[in-house]
Amino acid sequence: VPSITHVGTQAVKVRATNTNYVTEDCEYTLEVTKRPVTLTSATDSKIYDGTPLTNSTVTVGGEGFVTGEGATYDVTGTITNVGTSSNMFTYTLNEGTSANDYTITPVYGTLEVTRNDDALTLTCPSGASITKMYDGTALAPEATVSSTISGDEFTIEYSTDGGANWSTTVPSITHVGTQAVKVRATNQNYVTDTCEYTLEVTKRTVTLTSATDSKEYDGTALTNPTVTESGDGFVNGEGATYNVTGSQTNVGSCSNAFTYTLNEGTSVGDYDITTVEGTLTVTIN
């Protein structure tokens, strides 16, 4: 009796004979069709942790392989950074498994890495507000960033216009005033972290005091051009020039009046200046 095991067709003719009978014939065809098999690699996901995401599972579907037959798999799909990729694989049919007996369809799963929302910590400088008295130098503290996952680098950006524009340049303020700053730390594998702080430079207090002086009447004017600076004083390299006009000739007293002009590069906005006039006194000779 004709037989067929593997995929293909076989035409068969048959006849029955006996010396007492007219021979009778018939025909038929044997056909073995291909077995559909679907090979599907795993779909998997995880939160970014700095290590590759892999999954070597391959599921056999469809009609499956015949008992004792099958394949081995080499799954090469991998992804480390945030995103998606196909879980690629190849297969090799086992010995005794004929490719001609199967219609094999590979289906690639998806590997996905999502952003990490917990590993990133952005720290604004010195809390929410950083203040100093004007000293002629820039106030420019930097934010810091850390992660529980080692080896990753982050971009720290600053905005001084409420977040409309961002720059990696650290904001600074030198003269008296305030500056609100927003900060963000970014990395493709992390949820962006933000913080805010305010820079403030306050005025220096300066007291300008003209001299107090006295003498007996001698017919000449009593003057003293000395002006003493006190309080916080002027920043090194800054200051003022003075025009002291106080004068007393006859017996009596008067204020040692004066005016001042700030030197070039000295801004009135950086100082809270108070003037105190001394007293000139002429006594009886």
(message) Using the rule given for side chain to side chain donor-acceptor pair (under 3.5 Å), can you reason through Asn100 versus Ser98, listing the C-alpha separation, both sets of side-chain angles and the distance that settles it, and then say yes or no?
(response) CA-CA 5 Å; Asn100 190 55; Ser98 172; 5.2 Å; no
(request) Decide yes or no for Asn250 and Tyr217: does some side-chain heavy atom of the first lie under 4.5 Å from some side-chain heavy atom of the second? (result) yes
(request) Treat each ILVMFWY residue as a node, draw an edge where side-chain heavy atoms are under 4.5 Å apart, and state whether Ile47 and Val113 are in one component. (result) no
(message) Does any part of the side chain of Phe65, heavy atoms only, come nearer than 4.5 Å to the side chain of Val37, both counted from C-beta?
(response) yes
(message) In the structure I gave you, are the side-chain heavy atoms of Val60 and Leu39 within less than 4.5 Å of one another anywhere?
(response) yes
(request) Take Thr209 and Phe258, measure what side-chain contact (heavy atoms from CB on, under 4.5 Å) needs, and give me the verdict at the end. (result) CA-CA 9 Å; Thr209 305; Phe258 71 97; over 6 Å; no
(request) List the atom of Glu27, the atom of Lys13, and the distance in Å for their closest heavy-atom pair. (result) OE2-CE, 3.1 Å
(request) Measure from the side-chain N and O atoms of Thr38 to the backbone N and O of Thr105, and report whether any donor-acceptor pair falls under 3.5 Å. (result) no
(message) Taking Glu24's backbone N and O only, do any of them form a donor-acceptor pair with Arg15's side chain (distance below 3.5 Å, no angle check)?
(response) no
(message) Holding to salt bridge (charged side-chain N to carboxylate O under 4.0 Å, His left out), I want the full list of residues that pass it with Asp74, two or more places apart in sequence or in another chain.
(response) none
(message) I'd like to know if the side chain of Asn87 and the backbone of Asn55 have a donor-acceptor N/O pair within less than 3.5 Å.
(response) yes
(request) Assess whether atom CD1 of Ile4 is packed by more than 12 heavy atoms of other residues, nucleotides or ligands within 6.0 Å. (result) yes
(request) Kindly work out whether a path of hydrophobic side-chain contacts (I/L/V/M/F/W/Y, heavy atoms less than 4.5 Å apart) joins Val268 to Val206. (result) yes
(message) As a quick check of understanding, evaluate side-chain contact (heavy atoms from CB on, under 4.5 Å) for Ile130 and Thr198, giving each step before the final call.
(response) CA-CA 6 Å; Ile130 303 93; Thr198 300; over 6 Å; no
(message) Any donor-acceptor pair under 3.5 Å linking the side-chain atoms of Thr220 with those of Lys215?
(response) yes
(request) Determine yes or no for a side-chain-to-main-chain donor-acceptor pair under 3.5 angstrom, with Asp101 supplying the side chain and His6 the backbone. (result) no
(message) Given 3.5 Å as the limit, does a donor-acceptor pair link the side chain of Thr186 with the main chain of Thr192, or not?
(response) no
(message) Looking only at side-chain N and O atoms, does Tyr158 offer a donor or acceptor that is under 3.5 Å from a partner on Glu142?
(response) no
(request) For the residue pair Gln10 and Tyr28, confirm or rule out a side-chain donor-acceptor distance under 3.5 Å. (result) no
(message) Once rounded to the nearest 0.5 Å, what's the spacing between atom CG of Asn81 and atom CD1 of Ile79?
(response) 7.5 Å
(message) Which heavy atom of Tyr260 sits nearest to which heavy atom of Thr275, and what is that distance?
(response) CE2-CG2, 3.6 Å
(message) To the closest 0.5 Å, what do you measure between OG1 (Thr281) and CG (Leu222)?
(response) 8.0 Å
(message) Please find the pair of heavy atoms, one from Pro52 and one from Thr78, that lie closest to each other, and give the distance.
(response) CB-OG1, 3.4 Å
(request) Give a yes or no answer on whether the side chain of Asp270 reaches the backbone of Val176 with a donor-acceptor pair at less than 3.5 Å. (result) yes
(message) Which residue is it: Thr249, Thr212, Asp213? I am looking for the one with a side-chain contact (heavy atoms from CB on, under 4.5 Å) to Leu280.
(response) Asp213
(message) Is there a side-chain contact between Tyr91 and Ile104 in this structure, where contact means two heavy atoms from C-beta onward sitting under 4.5 Å apart?
(response) yes
(message) As an exercise, state the distance from CE of Met88 to CG of Leu111, rounded to the nearest 0.5 Å.
(response) 11.0 Å
(request) Consider only side-chain N and O atoms of Glu238 and Tyr271, and report whether a donor and an acceptor are under 3.5 Å apart. (result) yes
(request) Scan side-chain atoms only and decide if Ser147 and Tyr190 contain a donor-acceptor pair under the 3.5 Å cut-off. (result) yes
(message) If I compare all heavy atoms of Asn256 with all of Ala211, which pair ends up nearest, and what's the gap?
(response) ND2-O, 3.0 Å
(message) Given 3.5 Å as the limit, does a donor-acceptor pair link the side chain of Asp193 with the main chain of Leu122, or not?
(response) yes
(request) Would you mind reporting whether Val183 and Ile156 have side-chain heavy atoms less than 4.5 Å apart? (result) yes
(request) Check whether any side-chain N or O of Arg204 sits under 3.5 Å from a backbone N or O of Asp272 as a donor-acceptor pair, and report yes or no. (result) no
(request) Please answer whether the main-chain N or O of Gly109 pairs with a side-chain N or O of Ser41 as donor and acceptor at a distance below 3.5 Å. (result) yes
(message) Hydrophobic clusters here meaning ILVMFWY residues chained together by side-chain heavy-atom distances under 4.5 Å, can you tell me if Leu53 and Val75 are in one?
(response) no
(request) Please round to the nearest 0.5 Å and tell me the distance separating atom CZ of Phe89 and atom OH of Tyr73. (result) 7.5 Å
(message) Heavy-atom count check: over 12 atoms from other residues, nucleotides or ligands less than 6.0 Å from Asp161 CG?
(response) yes
(message) Would you say Tyr48 and Gln188 are linked by a side-chain donor-acceptor pair, where the criterion is simply a distance under 3.5 Å?
(response) no
(request) Provide the closest heavy-atom pair for Glu200 versus Leu139 in the form atom of the first, atom of the second, distance. (result) O-CD2, 3.7 Å
(request) Apply side-chain contact (heavy atoms from CB on, under 4.5 Å) to the pair Ile149 and Asn116, showing each step before the final yes or no. (result) CA-CA 10 Å; Ile149 302 170; Asn116 194 313; 3.9 Å; yes
(request) State whether a side-chain donor-acceptor pair under 3.5 Å links Lys132 with Thr137. (result) yes
(request) May I ask you to test the Pro36-Tyr102 pair for a side-chain heavy-atom distance under 4.5 Å? (result) no
(message) I want to check something: taking the side chain as every heavy atom from C-beta on, are Ser129 and Tyr197 in contact at a cut-off of under 4.5 Å?
(response) no
(message) I need the Tyr108 OH to Ser86 OG distance, nearest 0.5 Å.
(response) 8.5 Å
(message) Any non-hydrogen side-chain atom of Leu120 less than 4.5 Å from a side-chain atom of Val191?
(response) no
(request) For Asn187 and Asp152, test the side chains for any donor-to-acceptor distance below 3.5 angstrom and give the result as yes or no. (result) no
(message) Looking at every heavy atom in both Glu216 and Val282, which two are closest together, and how far apart are they?
(response) C-CG1, 4.1 Å
(request) Please lay out, stage by stage, how Val66 and Arg35 fare under the test side-chain contact (heavy atoms from CB on, under 4.5 Å). (result) CA-CA 9 Å; Val66 169; Arg35 193 175 183 88; 3.9 Å; yes
(request) Kindly compute the distance separating CZ (Phe154) from OG (Ser146), expressed to the nearest 0.5 Å. (result) 8.0 Å
(request) Answer yes or no: is there a donor N or O on one side and an acceptor on the other, between the side chain of Asn263 and the main chain of Thr266, under 3.5 Å? (result) no
